[in-house]
Engineer: 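Can you keep this structure in mind? I'll have questions shortly.
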There are 2 protein chains.
Amino acid sequence: MQAAVVSIPAAIGSGAERSAKLRRATTADAIFERLYSDILALRMPPGMVLQEKKIAEEFNVSRTPVREALLRLSEGGLVDIYPQSGTVVSRVPVAAIPEAVVVRKSLEGTTVERAAEVATPADIARLDTVISRQRSLAALNDTSAFHEEDEAFHEAIAGIAGYPGIWGILKTVKVQIDRARRLTLPVLGRMDNVVYEHGLIRDAIAAHDAAAARAAMLHHLSAVIPDVAELRVRYPDYFC
Amino acid sequence: MQAAVVSIPAAIGSGAERSAKLRRATTADAIFERLYSDILALRMPPGMVLQEKKIAEEFNVSRTPVREALLRLSEGGLVDIYPQSGTVVSRVPVAAIPEAVVVRKSLEGTTVERAAEVATPADIARLDTVISRQRSLAALNDTSAFHEEDEAFHEAIAGIAGYPGIWGILKTVKVQIDRARRLTLPVLGRMDNVVYEHGLIRDAIAAHDAAAARAAMLHHLSAVIPDVAELRVRYPDYFC
DNA sequence: CGCATCAAATTGATATACTAGTATTCGCGG
DNA sequence: CCGCGAATACTAGTATATCAATTTGATGCG
């Protein structure tokens, strides 16, 4: 294996729009997205047995792209692959949730501090847009769309801070928390609280008060920790 | 797709030794590990062209496991796959390094605080072992082994804090930084400084002084930021 | 001499076929 | 009736073959 350090003229060197050029949408990606959302939305509950063959037939594709999608999901901890045996939607690893919250607090605390330092009026406007949308959705009690906007809010903050990579990490970490939360969110008034807390974060960012922004974010993240103990008795099969 | 929430009796429910039981060494894993270490050690330099077919022949396997390994590497940003064109060892994304450092500071700062709070004498002894090994390796000028022990030190702290998952995140983040550092470490005396700084961190943890531990860690992480500007002129082909 | 176009080769993507390992089940013996 | 073991059936892992798309180099025309 010799080192052939040559250049690939056309596509390389971009770096910025990397993900755009290299890896146009492939069927494996489509299947991944589908399974991902199905698992996150609990349409495929934890413990459900998956079979490469069955899924391939359902999507009318070969096993190969299905397999690639499953491998990616297993890296994210969403499915467990038992070689030569079977694949199941992973049970929510209760033990990992506290750690996931720690990661979120650490990373989002840092991110929101930075965002508070560099936010422009336009950035604040973006946050306001998301918050007002959330307010509407909370009134309509549309939990699913509300979740999406919740993601958008946190992603926007990462964007403002200039840390897109951190958002990528957070997404993978959030997944397990979100799965647990989907079982618990129908708590009345919770969405209104979230909107209120988002407002506090927004205000701190707008005031360029990094310390206050961090405090508001940490408080917000503490509030969204799912009550795992309760969930364990309600849905014992879903956790481990 | 119906929900068949059945149990897979034998292997499941473990959760703890998950990675041990599910995913025994497969050839794809072996190839991944091999390529991973080759890229990290710069035996495969950034920009090197890879070919599934060639690699497959070299390992005497089919293209399938090679492909799986390359896909995993591309997710970690270690190779860039240009569809229908070619695969190359990724150039170190200079733009992403500052963000990677931010992530490390955030996560390792949090981790070392926690470690300082909960460390037992046995934990301190573990750190001492690693540090003394590093001291020896620095004297021998064995940069490669030194790097491994450096990883062991940071991993040990994550272990003490009880955050194994955070270490997993850090590993993926560290990769790009480490690749750049491999080109820069031969700076004389750098290893001695690292040993010294590790000592300061160890002392703060032993004293259960969380604030001091965090400060020492942040200082340490600031010091290991590779001088990207200098590297760009020395190895222009390796960065983008 | 330069640019554009076309064709051939290279490589990734997908489909299909085969292998090997695992868990369950059924039967036999205690 | 229970426990142990071998055989069977099923799954993921691997190999091979085919397809499609992009790139590149060469050729011809301006």
Side-chain angles (χ1 to χ4, degrees), chain A residues 4 6-14 18-33 35 47-75 78-90, chain B residues 1 4 6-14 17-35 47-75 79-90:
Chain A
V6 301
S7 56
I8 290 200
I12 230 171
S14 48
R18 257 177 44 182
S19 52
K21 307 214 73 169
L22 56 93
R23 311 291 313 257
R24 72 173 195 300
T26 176
T27 60
D29 291 328
I31 292 169
F32 172 84
E33 293 294 344
L35 295 177
M48 177 176 172
V49 173
L50 301 178
Q51 292 184 18
E52 291 183 357
K53 200 179 171 185
K54 288 268 183 67
I55 296 172
E57 286 169 4
E58 239 171 277
F59 286 93
N60 284 317
V61 296
S62 77
R63 267 179 57 200
T64 311
V66 173
R67 183 174 171 69
E68 283 179 12
L70 288 175
L71 283 170
R72 281 168 63 187
L73 288 169
S74 87
E75 281 180 46
L78 288 166
V79 304
D80 290 337
I81 299 175
Y82 300 91
Q84 274 81 35
S85 172
T87 302
V88 301
V89 177
S90 73
Chain B
M1 189 167 302
V6 303
S7 56
I8 292 199
I12 232 171
S14 49
E17 75 278 23
R18 256 178 45 181
S19 52
K21 306 215 74 172
L22 58 94
R23 312 286 318 247
R24 72 166 199 304
T26 176
T27 59
D29 290 330
I31 291 169
F32 172 83
E33 293 293 344
R34 173 65 182 280
L35 294 178
M48 177 177 173
V49 173
L50 301 177
Q51 294 181 17
E52 289 185 358
K53 199 178 175 185
K54 290 267 182 66
I55 297 172
E57 286 168 4
E58 239 171 276
F59 286 91
N60 283 318
V61 296
S62 78
R63 275 175 55 195
T64 310
V66 173
R67 180 173 175 70
E68 283 180 11
L70 288 175
L71 282 170
R72 281 169 63 187
L73 288 169
S74 85
E75 279 181 48
V79 304
D80 290 336
I81 300 176
Y82 300 91
Q84 278 76 39
S85 171
T87 302
V88 301
V89 177
S90 73

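Computed from a prediction, not measured in an experiment: that's the story for all the values here. Chain identifiers are assigned alphabetically (A, B, ...) following the order of the sequence lines, protein sequences preceding nucleic acid strands; residue numbering begins at 1 within each chain.
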Engineer: Enumerate all atom pairs, one protein N or O and one N or O from nucleotides 7-12 of chain C, separated by less than 3.5 Å.
Structural biologist:
{"residue": "dT11(C)", "atom": "OP1", "partner": "Gln51(B)", "partner atom": "NE2", "Å": "2.9"}
{"residue": "dG12(C)", "atom": "OP1", "partner": "Thr87(B)", "partner atom": "OG1", "Å": "3.1"}
{"residue": "dG12(C)", "atom": "O4'", "partner": "Gln84(B)", "partner atom": "N", "Å": "3.4"}
{"residue": "dG12(C)", "atom": "N7", "partner": "Arg63(B)", "partner atom": "NH2", "Å": "3.2"}

Engineer: Do Leu71(B) and Leu71(A) come close enough that some side-chain heavy atom pair is under 4.5 Å?
Structural biologist: no
Engineer: Take atom CG of Asp80(A) and atom C1' of dA12(D), then tell me their distance rounded to the nearest Å.
Structural biologist: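 Distance check: Asp80(A) CG to dA12(D) C1' gives 14 Å.
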Engineer: So, OP1 or OP2 of dG13(D): does either fall under 4.0 Å of a side-chain N or O from Thr26(B)?
Structural biologist: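 Looking at the OP1 and OP2 atoms of dG13(D), neither is under 4.0 Å from any side-chain N or O of Thr26(B).
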Engineer: What integer distance in Å separates Asp29(B):CG from dA12(D):P?
Structural biologist: 16 Å
Engineer: So, do Leu70(A) and Leu35(A) sit near enough that their side-chain heavy atoms are less than 4.5 Å apart?
Structural biologist: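 Answer yes - side chains close enough.
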Engineer: Give me the bend of the helix from dC1(C)-dG30(D) to dG30(C)-dC1(D), using the axes of the five pairs at each end, rounded to 10°.
Structural biologist: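 So the angle between the two local helix axes works out to 0°.
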Engineer: Could you give the NZ-to-C1' distance, from Lys54(A) to dA12(D), as a whole number of Å?
Structural biologist: 14 Å
Engineer: It should be established whether Thr64(A) places a side-chain nitrogen or oxygen under 4.0 Å from OP1 or OP2 of nucleotide dT14(C).
Structural biologist: no
Engineer: Please give, in whole Å, the distance from dA15(C) P to Glu68(A) CD?
Structural biologist: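 For the pair Glu68(A) CD and dA15(C) P, the rounded distance is 11 Å.
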Engineer: Taking all heavy atoms of Pro65(B) and all of Thr27(B), pick out the closest pair and write down the distance.
Structural biologist: CB-OG1, 3.7 Å
Engineer: Going by side chain to side chain contact (heavy atoms under 4.5 Å, CB included), Leu73(A) matches just one of Val89(A), Val79(A), Ile81(A), Thr87(A). Which one?
Structural biologist: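 Going through Val89(A), Val79(A), Ile81(A), Thr87(A) one by one, the side chain to side chain contact (heavy atoms under 4.5 Å, CB included) with Leu73(A) is satisfied by Val79(A) alone.
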Engineer: Taking all non-hydrogen atoms of both residues, which atom of Ser62(A) and which atom of Ala56(A) are closest, and how far apart?
Structural biologist: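 Closest heavy-atom pair between Ser62(A) and Ala56(A): O-CB, 3.7 Å.
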Engineer: Measure the spacing between OG of Ser85(A) and CG of Asp80(A) and express it to the nearest 0.5 Å.
Structural biologist: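 If we round to the nearest 0.5 Å, Ser85(A):OG and Asp80(A):CG are 11.5 Å apart.
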Engineer: Side chains of Arg72(B) and Asp29(B): does their closest heavy-atom pair fall under 4.5 Å?
Structural biologist: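 Result yes, sub-4.5 Å side-chain heavy-atom pair found.
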Engineer: Just to verify, what does Arg67(B) make a salt bridge (charged side-chain N to carboxylate O under 4.0 Å, His left out) with, not counting sequence neighbours?
Structural biologist: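 Listed in chain order: Glu68(A), Glu52(B).
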